[in-house]
Undergrad: 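Sharing a structure, written as structure tokens. Questions coming.
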2 protein chains.
Amino acid sequence: MHDVKALIFDVFGTVVDWRSSVVGELRVLGEKHGAPTDTDWHKFAQAWRSGYMTNTRNIAAGRASGPLNVDAMHRQILDELLSSAEWASVGRLFDEDARQHLNLAWHRLDGWPDTVEGLRALKKQLIIATLSNGNVRLLVDMAKHADLPWDVIFSTELFDTFKPNPKAYLEAMRHLSLAPENCAMVAAHIFDLRAAASLGMKTVYVRRPDEDADAVKTGVGVKSKKDGGEVDCVIDSFTELATILQTQRPTD
Amino acid sequence: MHDVKALIFDVFGTVVDWRSSVVGELRVLGEKHGAPTDTDWHKFAQAWRSGYMTNTRNIAAGRASGPLNVDAMHRQILDELLSSAEWASVGRLFDEDARQHLNLAWHRLDGWPDTVEGLRALKKQLIIATLSNGNVRLLVDMAKHADLPWDVIFSTELFDTFKPNPKAYLEAMRHLSLAPENCAMVAAHIFDLRAAASLGMKTVYVRRPDEDADAVKTGVGVKSKKDGGEVDCVIDSFTELATILQTQRPTD
């Protein structure tokens with residue numbers, strides 16, 4: 001990690017706790033519109049998120065087409081969910097205004113407890129950038145909402161693709177004028193880090209609650225290379241990463 | 001200006017005082033390499049800048065091709081200048097290391113005295129974005145150097161063109177998910193504001209010392225519409241703009 005000059009962050013789940021934020025907004029909106037108090041909003045949020053994961057990965061792989069703007073994609077999935085047999089009773093309660101408001105919940109996600117302090121400390125040492133499938137405006141609103149001090153916001157929307165398509169990572173590095181070995185991808189999802197590593201980037205895996213179904217499915221945690229694993233570094237918080245990098249660069 | 005949700009800033013000359021910064025670096029480098037103390041570094045800096053203005057505008061208009069990365073363009077122009085009859089004596093003094101260092105002077109430009117305070121105040125009220133012909137890495141380094149608190153950095157490099165090509169403005173607005181009437185272009189150059197206005201954007205002209213040869217050539221200053229001119233607002237500083245916008249939005 002000595003030669004890393006930029007950290008490139010995945011955002012949903014890595015930087016922000018989308019689950020708590022979206023469930024919180026669903027609960028408030030449900031109450032306002034008279035949904036049963038025992039509605040399983042966690043399940044709804046997970047279904048919304050899973051639809052997004054499936055769509056973005058299919059489009060990234062060229063297996064499907066669809067909106068490259070995540071606001072549009074989120075709305076499409078939301079409407080489909082609210083028309084499904086399982087959620088139609090909620091769908092009848094959420095009118096156009098409610099849906100528009102709810103769709104922008106993804107612009108109002110909160111950071112994990114370590115996020116702001118960690119990013120501020122990291123920003124003093126190197127360039128901190130996003131590389132998210134979220135659209136630019138979503139990432140801008142989120143940064144203002146959650147006080148995220150990005151040096152630069154890259155959205156795959158700028159590059160007409162989605163992660164984990166290699167083009168997303170290559171374009172971010174080109175615009176940073178940096179070689180892969182000078183960039184580290186930071187993510188809570190192993191699929192994202194595998195794509196980055198295949199292009200020669202360094203990889204930092206951050207453990208986040210209930211993220212990374214891919215790694216969880218295998219039944220073992222993600223490990224760093226020194227522990228026989230596949231990533232360069234495993235961390236539990238961005239503040240921990242700041243300390244690690246600080247220690248590695250005593251002369252800076 | 002009531003409905004403006006994002007301010008989109010030109011950078012060189014508008015946000016940063018390129019002239020003082022580049023001349024300062026030339027002077028220091030010249031001294032180090034033994035250039036005559038009476039070398040006219042202002043003239044050199046102006047020639048470098050003029051080469052950039054000519055090239056970017058010719059490429060934007062489709063009259064010429066050339067690098068869409070300004071670091072590469074700056075270096076090309078620098079090498080041409082240092083080979084010219086007028087500057088060859090300096091050219092012999094500046095080796096490869098000196099040229100590489102000098103070329104990055106454009107990453108180390110300082111803001112005008114009102115820049116940081118003004119941008120911070122404006123950021124509290126709305127989205128503040130760049131839209132510069134400078135490449136992304138240049139703008140990132142400059143933001144870190146000069147403490148510019150951008151919400152988002154747009155470089156025309158992301159859009160494969162240069163201002164004043166309409167595509168540059170249209171792409172920035174698309175990624176902000178905003179209509180032209182909700183965006184104001186802020187620039188110290190009337191050509192930039194004319195291009196923005198032709199697309200329906202609001203326009204803010206900031207007077208900056210020794211900028212805007214186009215307007216100066218006509219012999220009259222740029223005026224706001226209420227004074228019979230062509231732009232929505234004329235200001236002398238970003239702090240003034242923050243006060244104007246604050247006054248217009250008493251209920252926010």
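Below, read A as the first sequence line, B as the second, and so on, with proteins coming before strands; counting in each chain starts at 1.
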Undergrad: Got more than 12 heavy atoms from elsewhere within 6.0 Å of NZ, K32(B)?
TA: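 Not more than 12 within 6.0 Å, no.
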Undergrad: Working to the nearest 0.5 Å, report the span between CG of D141(B) and CG of D151(A).
TA: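 These two atoms lie 9.0 Å from each other.
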Undergrad: Taking every heavy-atom pair that is under 4.5 Å apart, which of N69(A), D71(A), N135(A), I127(A) has the most such pairs with chain B?
TA: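 Top option by heavy-atom pairs under 4.5 Å: I127(A).
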Undergrad: Just by distance, do the side chain of K144(A) and the backbone of L126(B) share a donor-acceptor pair under 3.5 Å?
TA: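 Looks like yes, one N/O pair under 3.5 Å.
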Undergrad: Do the non-hydrogen side-chain atoms of R137(A) and L178(B) ever get within less than 4.5 Å of each other?
TA: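 Yes - at least one pair of side-chain heavy atoms lies under 4.5 Å apart.
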Undergrad: Please determine whether the number of non-hydrogen atoms from other residues, nucleotides or ligands lying under 6.0 Å from atom CD of E117(A) exceeds 12.
TA: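 Counting neighbours around CD of E117(A), 12 or fewer heavy atoms of other residues, nucleotides or ligands fall under 6.0 Å, so no.
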Undergrad: Do any of residues 153-160 of chain B have a heavy atom less than 4.5 Å from a heavy atom of chain A, and if so, which, in residue order?
TA: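 Result: I153(B), F154(B), E157(B), L158(B), F159(B).
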